[in-house]
Amino acid sequence: MTALPRAAAHRTGMVPILLAALLWGTTGTAAHFLPGNVSPLATGAATMAVGGALLFTVSARSARATLRDRSVRRWLLAGVAGIVVYPLAFYSAMNLAGVAVGTVVSLGSAPVFAAGIEFLAERRAITRLWALCTLVALVGTGLMVAGQQSDPAAGPAPLGVLLGLSAGLSYALYTHASHRVIAAGHAPRAAMGALFGLGALCLVPVLGATGAPLLQSGGSLGITAYLALGPMFVAYLLFGRGLRTVRGSTATSITLVEPLVATLLAVLIVGERLPPSGWAGLGLVLVAVTALVSIPGARAKLHR
């Protein structure tokens, strides 16, 4: 394959990943409007269980074939582990540290974890330009965390930040695992259906133990349906499509646009506050992601 088609394929793969990130950026604001008696564990379990079941349903035959493929069995198990931990840690982080900080820590840490996973699993290097773009984005996310003031009397809850880091690690893990399953020859929809279908099954007990408050009002059901259909079902179909030509480390860097969107919505709709340093951080994230998408050299050619 020549350089031009390869570059075009990368750029084409980035568009659905960006669209997925935009949808993911709405999750914290949507979850904010759930009743107070709905726990973040219920929100995460319901979103992933329902969305995962839908992903499996639309690709049942090919997803079952993927699950039977012994050559990708370890990546399926690793991916499912990340899928189960991610929603529980992510929604809990937002509940404890606020929408902006919870999202920023979760997604801001993911590219670092992703690069580490790729190095440990494949011993593959990254380009200096990719590293620079990611570093700029991480500085931006750090400024957003430092400047976020949803509660001026108290900084981000340490447990919330720790859970955000756990979410970042689990997100990086299932992103890399998804890419490896797709790279082994399985269609993106089949890979997403297999991984998230099995993850959904694992989350059913959590949903059964915590999900009763979700059924108490039409509003709760409506918000849960949106989270399952939009940021979960549609977004992961888009994400899987993008992973055909974009590696996990690059994908997690592109999705740093998610905390940018989440922070803007948290300020404009939820009412969280962001000082000038936080807005500067938003700008840095936007610059870094734009560079990562538009500059060919920023995309690590790890497949070589």
Would L34 and T43 satisfy side chain to side chain contact (heavy atoms under 4.5 Å, CB included), going step by step from the backbone distance to the final call? CA-CA 9 Å; L34 286 167; T43 305; 3.4 Å; yes
If we only count heavy atoms from C-beta on, is the [X] to [Y] side-chain gap below 4.5 Å?
X	Y	result
L23	F233	no
P231	T47	no
T66	L195	no
Q216	N37	yes
F196	L54	no
R74	R180	yes
L198	L76	no
F56	R64	yes

Given side chain to side chain donor-acceptor pair (under 3.5 Å), test S178 with Y236 step by step and report yes or no. CA-CA 11 Å; S178 300; Y236 278 104; over 6 Å; no
Aromatic ring pairing W24/Y171, orientation class (parallel under 30°, perpendicular over 60°, tilted between): perpendicular
For S217 and P35, work out which heavy atoms get closest and say how close. OG-CG, 4.5 Å
Stepwise ring pair (Phe, Tyr, Trp, His ring centres under 6.0 Å) check, H179 with W75: CA-CA 9 Å; H179 177 83; W75 292 115; 10.0 Å; no
Starting at OG of S220, measure out to CZ of F33 and round the result to the nearest 0.5 Å. 13.0 Å
Can you tell me if T26 uses its side chain to pair, donor with acceptor, with the backbone of L22 under 3.5 Å? no
